[in-house]
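Shown next, in structure tokens, is the structure this report addresses.
The chains referred to below are lettered A, B, ... by the order of the sequence lines, with proteins before strands, and numbering in each begins at 1. Both backbone and side-chain heavy atoms feed into the values below; hydrogens, waters and symmetry mates do not.
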Amino acid sequence: MKVIPHLASRAARGKNLTICYGIHDFPVGKILVALTAEGICWLGINCTEATLRDNWKGAEFVEDAKVTARAAREIARRWPEKLGQLSIPVVLYGTAFQLKVWKELLKIKSGSTVTYEQIAQKIGSPKAVRAVGSAVGKNTVSIVVPCHRVVNKASGKVNYGWGPAVKKALLKAEAA
DNA sequence: ATTTACCGTGCTT
DNA sequence: AAGCACGGTAAAT
């Protein structure tokens, strides 16, 4: 899977971007898929257009489910085992810290989980566990960048931007 | 059982 | 430009 990183703050990332989006069915809910000219930049679960717009301030939006259907179908077909073989590039806009964290998430295999603490150690900021938590929560391409595979060390607590139930469903479906 | 410390980000003032 | 709230975990009170 090709990854195209861009250094950008949340406030600046929509500038001069045209985003094409559509909503499609997925096993754990409806997914809102958004594409730039480079590749997929956003995937939200049961996500509204308002949330998309809020996350890409300054961008121009075009709804076209015909265009996004190809991407959505490929993701559904490859998930979870073969997501790494996605033909569509993954476009990441974030700060240096967020990009480090998100790239680390890409290394987590389907069926396994890691803790926020382990990510913090892997990126060389062992004390930045909370910062990792917020960076994971700001992941823009859910499912493809598997932020749902990061769990609390003390099992039992489940936190997820699209709702704990969705996270549980994703992990259950991926479990070996 | 509550409080404290650690880090990065984004929102509000 | 400064302040505040989040988010995960361990350690001290």
Please write out the pairs of protein N or O atoms and N or O atoms of nucleotides 1-6 of chain B separated by less than 3.5 Å, giving the distance to one decimal.
from, atom 1, to, atom 2, distance (Å)
dC6(B), N4, Arg130(A), NH1, 2.5

Practice item. Show the numbers, then the answer: is there a side-chain contact (heavy atoms from CB on, under 4.5 Å) between Cys147(A) and Trp102(A)? Key: CA-CA 8 Å; Cys147(A) 56; Trp102(A) 298 340; over 6 Å; no
Can you give the donor-acceptor pairs under 3.5 Å from side chains of residues 131-140 of chain A to other protein atoms, not counting sequence neighbours?
from, atom 1, to, atom 2, distance (Å)
Ser134(A), OG, Ala131(A), O, 3.1
Asn139(A), OD1, Val141(A), N, 3.1
Asn139(A), ND2, Val145(A), O, 3.0

Exercise for review: For Tyr160(A) and dC6(C), give me the distance from atom OH to atom C1', rounded to whole Å.
Suggested key: 18 Å
Heteroatom pairs (N/O) under 3.5 angstrom, protein to nucleotides 11-13 of chain C:
none

Review point. Is it true that a side-chain atom of Asn152(A) and a backbone atom of Ala154(A) form a donor plus acceptor pair closer than 3.5 Å?
Key: no
Check your understanding: With a 4.5 Å heavy-atom cut-off, do Leu105(A) and Arg149(A) have their side chains touching?
Key -> no
Practice item. For Glu60(A), check side chain to side chain contact (heavy atoms under 4.5 Å, CB included) against everything at least two apart and list the hits. Key: Thr18(A)
**Study point:** Residue whose closest nucleotide on DNA chain C lies nearer the 5' end, Glu117(A) versus Lys138(A)
**Key:** Lys138(A)
**Study point:** Nucleic acid contacts of residues 38-58 of chain A, taken as heavy-atom distances under 4.0 Å to DNA chain C
**Key:** none
Review point. Linking I/L/V/M/F/W/Y whenever any side-chain heavy atoms sit under 4.5 Å apart, do Trp56(A) and Val67(A) land together?
Key: yes
Check your understanding: Counting side-chain heavy atoms from CB outward, which of dC6(C), dT9(C), dG10(B) is closest to Thr115(A)?
Key -> dT9(C)
Show me the side-chain donor-acceptor pairs of residues 80-92 of chain A shorter than 3.5 Å, one per line, residues at least two apart or across chains.
from, atom 1, to, atom 2, distance (Å)
Ser87(A), OG, Glu74(A), OE1, 2.7
Ser87(A), OG, Glu74(A), OE2, 3.3

Review point. Under the 3.5 angstrom rule, does the side chain of Ser142(A) hit a backbone N or O of Leu43(A) as a donor-acceptor pair?
Key: yes
**Study point:** DNA chain B contacts made by residues 91-105 of chain A, counting heavy atoms under 4.0 Å
**Key:** Thr95(A), Phe97(A), Gln98(A)
Point to revise | Partners meeting salt bridge (charged side-chain N to carboxylate O under 4.0 Å, His left out) with Lys30(A) (sequence neighbours left out) | key: Asp25(A)
**Study point:** Validation row: Trp162(A), Lys167(A) side chains within 4.5 angstrom (heavy atoms)
**Key:** no
Exercise for review: Can you run down the salt bridge (Lys or Arg N to Asp or Glu O under 4.0 Å) pairs that involve residues 3-12 of chain A, sequence neighbours left out, and say none if there aren't any?
Suggested key: Arg10(A)-Asp54(A)
Point to revise | Side chain of Ser134(A) (C-beta onward), nearest among dA10(C), dG10(B), dG8(B) | key: dG8(B)
**Study point:** Nearest atoms (heavy-atom pairs only) where Asn46(A) meets Val28(A)
**Key:** ND2-O, 4.4 Å
Study note, to complete from the structure: From CD of Gln121(A) across to P of dC7(B) the rounded distance in Å is 14 Å
Point to revise | With sequence neighbours excluded, residues passing salt bridge (charged side-chain N to carboxylate O under 4.0 Å, His left out) with Lys168(A) | key: none
Review point. Any side-chain heavy atom of Lys109(A) within less than 4.5 Å of one from Pro146(A)?
Key: no
Check your understanding: Whole-Å distance between dG8(B) P and Ile119(A) CD1?
Key -> 16 Å
Practice item. Figure out the CZ/P separation between Arg10(A) and dT12(B), and round it to whole Å. Key: 10 Å
Point to revise | Integer-rounded Å distance: dT9(C) C1' and Asn159(A) CG | key: 14 Å
Revision key, fill the gap. Axis-to-axis angle across the helix from dA1(B)-dT13(C) to dT13(B)-dA1(C), five pairs each end, nearest 10 degrees, ~ 50°
Point to revise | Passing option when Cys41(A) is tested against Val33(A), Leu52(A), Leu35(A), Ile19(A) for side chain to side chain contact (heavy atoms under 4.5 Å, CB included) | key: Ile19(A)
Point to revise | Nucleotide dT9(C), atom P - distance to NZ of Lys157(A) in whole Å | key: 7 Å
**Study point:** Selection residues 63-92 of chain A - residue pairs positive for ring pair (Phe, Tyr, Trp, His ring centres under 6.0 Å), sequence neighbours left out
**Key:** Phe26(A)-Trp79(A)
